[in-house]
Amino acid sequence: MNATDPAAALGGARLLPVLTVPDTATAGPLADALAAGGATCAEVTFRTPGAERVLKEMAAHGGLTLGAGTVLTPEQAERAVAAGARFVVSPGFDEEVVARCRELAVPVVPGIATATELMRALRAGLDTVKLFPAEPLGGPRTLRALAAPFSGARFVPTGGIEASGMAAYLADPAVLAVGGSWMATPAHLERGDYDEIRRLTADAVDRSTR
């Protein structure tokens, strides 16, 4: 696998915790809790002012492969990689973001919601996309319908997925990994409930390997 392959970046992980971290002071304890629960990678969303610092601090932990999510512009992609992101995730397909990630030699997983968007991504030379928002779009049934005509496509479904819904996605061979935020929510972080983050992560990791 080459350096721009999302599967290589995820290291075979079937679970991708998606993190929105309002307080940068929680980055270190959060990384500890996720790693203790068995997670090997995570996505830090660029939805908060301190996202770059969170990326840097969590990357310094050493136990997780960190990616950047909610990347909307080429400039954000540059900042994310400089902060330690090993892969980039976007909610939609943007040619300029994809091109900049290729220049930076970092895997990029753009979001798609329709067959037309998937075709654009495939024409751009990508084979892995994020189905977003997965649950509102129809969940595993929609994923199967999209995957059927495009046998080479791989998916990272994200958006509204809970622990109980993981298995239905992972049963599809087109699914590379499942993204979810239930393991470590802003509410968990506000309470400092790292034991619960560890417990939920361990449960999710177990579900992803069954």
Side-chain angles (χ1 to χ4, degrees), residues 1-19 40-47 51 55 65-161 169-181 208:
M1 293 183 183
N2 62 47
T4 57
D5 187 342
L10 293 177
R14 301 277 277 158
L15 173 71
L16 179 63
V18 178
L19 313 171
T40 58
C41 62
E43 172 190 329
V44 176
T45 64
F46 266 52
R47 298 183 184 183
L55 262 171
T65 299
L66 273 299
T70 320
V71 173
L72 306 178
T73 67
E75 186 266 343
Q76 279 186 329
E78 293 168 8
R79 286 162 44 205
V81 173
R86 300 285 299 277
F87 59 95
V88 168
V89 182
S90 179
F93 179 75
D94 183 281
E95 290 88 347
E96 292 184 4
V97 170
V98 169
R100 189 65 186 115
C101 287
R102 282 180 165 155
E103 291 168 357
L104 295 167
V106 64
V108 57
V109 183
I112 65 98
T114 67
T116 298
E117 293 169 348
L118 177 54
M119 289 175 68
R120 289 176 60 206
L122 293 171
R123 279 201 304 271
L126 302 172
D127 65 3
T128 303
V129 295
K130 164 180 166 175
L131 178 65
F132 179 80
E135 283 292 290
L137 285 172
R141 183 177 178 182
T142 295
L143 189 146
R144 289 193 297 272
L146 281 171
F150 305 103
S151 59
R154 300 181 297 183
F155 297 84
V156 181
T158 306
I161 301 172
Y169 287 98
L170 292 173
D172 194 308
V175 171
L176 180 63
V178 170
S181 59
S208 74

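Nothing here was measured: the structure is a model prediction, and the numbers come from that model. Side-chain atoms are counted along with the backbone in the values below, which use heavy atoms only and exclude waters and symmetry mates.
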Please walk me through it: do L176 and F155 pass side-chain contact (heavy atoms from CB on, under 4.5 Å)? CA-CA 6 Å; L176 180 63; F155 297 84; over 6 Å; no
Residue pairs passing the side-chain hydrogen bond (donor to acceptor under 3.5 Å, both in side chains) test with at least one member in residues 130-141, sequence neighbours excluded, are E135-Y169
Here's a test for you: under side-chain contact (heavy atoms from CB on, under 4.5 Å), which of V88, T4, V71 qualifies with V108?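 Among V88, T4, V71, the one that satisfies the side-chain contact (heavy atoms from CB on, under 4.5 Å) with V108 is V88.
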What's the spacing between F93 CZ and M119 CE if we round to 0.5 Å?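 It is 12.5 Å, given to the nearest 0.5 Å.
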Looking only at non-hydrogen atoms, find the nearest pair between [X] and [Y] and report the distance.
| X | Y | value |
| --- | --- | --- |
| L19 | A42 | CD1-CB, 3.9 Å |
| A174 | A153 | CB-O, 3.8 Å |
| C101 | A77 | SG-CB, 4.1 Å |

Do [X] and [Y] make a side-chain contact, defined as non-hydrogen atoms from C-beta onward lying under 4.5 Å apart?
| X | Y | answer |
| --- | --- | --- |
| R86 | V106 | no |
| L66 | F87 | no |
| L143 | D172 | yes |
| V156 | V129 | no |
| V178 | T158 | no |
| L122 | F150 | yes |
| S208 | L170 | yes |
| L55 | F46 | yes |

Steps toward side-chain contact (heavy atoms from CB on, under 4.5 Å) verdict (L137, L131): CA-CA 9 Å; L137 285 172; L131 178 65; 3.8 Å; yes
Evaluate side-chain contact (heavy atoms from CB on, under 4.5 Å) for I112 paired with L146, printing each intermediate quantity in order. CA-CA 10 Å; I112 65 98; L146 281 171; 4.0 Å; yes
Between R102 and V97, is there a donor-acceptor pair closer than 3.5 Å when you use the side chain of the first and the backbone of the second? no
Do T45 side-chain atoms and G69 backbone N/O form a donor-acceptor pair below 3.5 Å?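 No.
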For R47 and T70, test the side chains for any donor-to-acceptor distance below 3.5 angstrom and give the result as yes or no.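 Yes, a side-chain donor-acceptor pair sits under 3.5 Å.
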Could you check whether R100 pairs with E96 (Lys NZ or Arg NE/NH1/NH2 to Asp/Glu carboxylate O, under 4.0 Å)? no
Is D5 salt-bridged to R154, cutoff N-O under 4.0 Å?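 Yes, this pair counts.
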Yes or no on side-chain contact (heavy atoms from CB on, under 4.5 Å) for C41 and L16, after CA distance, side-chain angles and deciding distance? CA-CA 6 Å; C41 62; L16 179 63; 3.9 Å; yes
